[in-house]
Visitor: 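One structure is given below, represented as structure tokens, and several questions about it will come after.
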Amino acid sequence: MADGGFAAKSAKSRRSANGTIAVIGLPRHLSVMKRANLQPELRSLTGQVDEDLSDLTPVSGSFCHTLRAEICVRGEKGADAFEFDVCSPEWLENELDSFPILSGGPRLITKRFDPVVVEEYVRKRLLHATGPDWQTVATKLGQWSPWEFDSYEA
């Protein structure tokens with residue numbers, strides 16, 4: 001395409017028999033984002049700097065690990081990053097000794113850091129984050145895990 005794959009201002013849409021909305025004149029990755037009932041899928045779950053979850057210590061006592069979930073649309077390439085903390089009640093107690101108020105924000109609270117349990121929790125949350133477009137899905141996920149493009153404006 002001479003326009004580098006970008007859409008003309010007068011893009012048209014057409015719904016197929018399987019419910020997919022094809023947007024004529026948009027690049028493929030944008031037209032996929034308009035499919036009905038997108039289901040997010042966990043591509044990977046790591047520590048903030050790509051650590052394997054089993055390498056994160058401590059697993060009990062006082063801890064707060066920042067995790068990075070790479071999440072995509074089921075069956076599609078690419079993924080977006082969502083980050084959240086997994087903290088212990090002891091860590092929260094220690095923080096409250098230094099600060100009179102803490103924001104709950106994107107924190108999961110657990111007594112013991114168990115990578116299997118954390119991954120199961122994330123996968124269950126993904127089951128309830130469907131939507132007609134990626135923005136809706138990302139907004140639902142952002143209720144507990146900030147999206148890397150939360151503050152992005154086109």
Side-chain angles (χ1 to χ4, degrees), residues 1-59 63-88 91-92 95 102-110 112-154:
M1 293 181 148
D3 63 359
F6 291 99
K9 289 185 179 181
S10 60
K12 297 179 183 179
S13 64
R14 185 180 316 155
R15 186 174 300 272
S16 69
N18 68 3
T20 301
I21 299 173
V23 181
I24 314 297
L26 290 178
R28 185 182 185 293
H29 73 280
L30 290 178
S31 64
V32 165
M33 303 306 248
K34 290 288 187 183
R35 206 171 17 167
N37 290 327
L38 295 180
Q39 177 64 57
E41 178 177 71
L42 183 62
R43 176 82 30 95
S44 67
L45 184 61
T46 63
Q48 188 177 21
V49 288
D50 291 333
E51 301 109 328
D52 188 275
L53 295 188
S54 62
D55 293 337
L56 297 177
T57 57
V59 295
F63 63 86
C64 187
H65 299 302
T66 299
L67 303 187
R68 179 181 178 95
E70 295 284 334
I71 300 172
C72 63
V73 173
R74 181 170 286 150
E76 296 297 327
K77 294 181 181 181
D80 287 357
F82 293 81
E83 289 189 353
F84 57 95
D85 295 330
V86 178
C87 307
S88 67
W91 181 86
L92 290 170
E95 288 295 294
L102 291 176
S103 170
R107 290 191 179 113
L108 305 179
I109 312 302
T110 184
R112 181 168 170 73
F113 182 77
D114 183 336
V116 173
V117 172
V118 173
E119 184 172 334
E120 287 174 0
Y121 177 86
V122 170
R123 289 185 187 281
K124 285 179 184 176
R125 294 297 300 251
L126 295 180
L127 291 174
H128 302 287
T130 61
D133 54 43
W134 182 247
Q135 184 65 45
T136 301
V137 171
T139 298
K140 288 180 180 181
L141 296 173
Q143 294 171 353
W144 61 275
S145 178
W147 180 29
E148 65 182 321
F149 296 112
D150 267 346
S151 60
Y152 178 79
E153 292 184 28

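In this text the structure is predicted, and so the values were computed from the model without any measurement.
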Visitor: I need the minimum non-hydrogen distance between A69 and L42, along with the two atoms involved.
Guide: CB-CD1, 3.9 Å
Visitor: Do the ring planes of F63 and F113 sit parallel (below 30°), tilted (30 to 60°) or perpendicular (above 60°)?
Guide: perpendicular
Visitor: What's the spacing between H128 NE2 and Q143 CD if we round to 0.5 Å?
Guide: 12.5 Å
Visitor: Give, for atom CD1 of I109 and atom SG of C64, the distance between the pair rounded to the nearest 0.5 Å.
Guide: 7.5 Å
Visitor: When rounded to the nearest 0.5 angstrom, what distance separates CG in L38 from CD in E76?
Guide: 8.5 Å
Visitor: Under 4.5 Å between any side-chain heavy atoms of L67 and V122, yes or no?
Guide: no
Visitor: When you check the gap from the basic side-chain N to the acidic O, do R123 and E119 get nearer than 4.0 Å?
Guide: yes
Visitor: Using every non-hydrogen atom in the two residues, find where C72 and G78 come nearest and quote the distance to one decimal.
Guide: CB-O, 2.9 Å
Visitor: Mind checking the OH-OG1 spacing from Y121 to T110? Nearest 0.5 Å is all I need.
Guide: 11.0 Å
Visitor: So, the side chain of R125 versus the backbone of L141: is there a donor-acceptor pair under 3.5 Å, distance only?
Guide: no
Visitor: Please report the C-alpha distance between E83 and Q48 in whole Å, then the side-chain angles of each, then the deciding distance to 0.1 Å, and finally whether the side chain to side chain contact (heavy atoms under 4.5 Å, CB included) criterion is met.
Guide: CA-CA 8 Å; E83 289 189 353; Q48 188 177 21; 3.8 Å; yes
Visitor: Once you round to the nearest 0.5 Å, how far does CG of L108 lie from CH2 of W144?
Guide: 6.5 Å
Visitor: For the atom pair CD (E70) and CZ (R43), what is the distance rounded to the nearest 0.5 Å?
Guide: 8.5 Å
Visitor: So, does Q39 use its side chain to make a donor-acceptor pair with the main chain of L126 at under 3.5 Å?
Guide: yes
Visitor: Whether the side chain of H65 engages the backbone of P58 through a donor-acceptor N/O pair (distance < 3.5 Å, no angle test) should be reported.
Guide: yes
Visitor: Looking at P106 and S145, what are the two nearest heavy atoms and their distance?
Guide: CB-CA, 4.4 Å
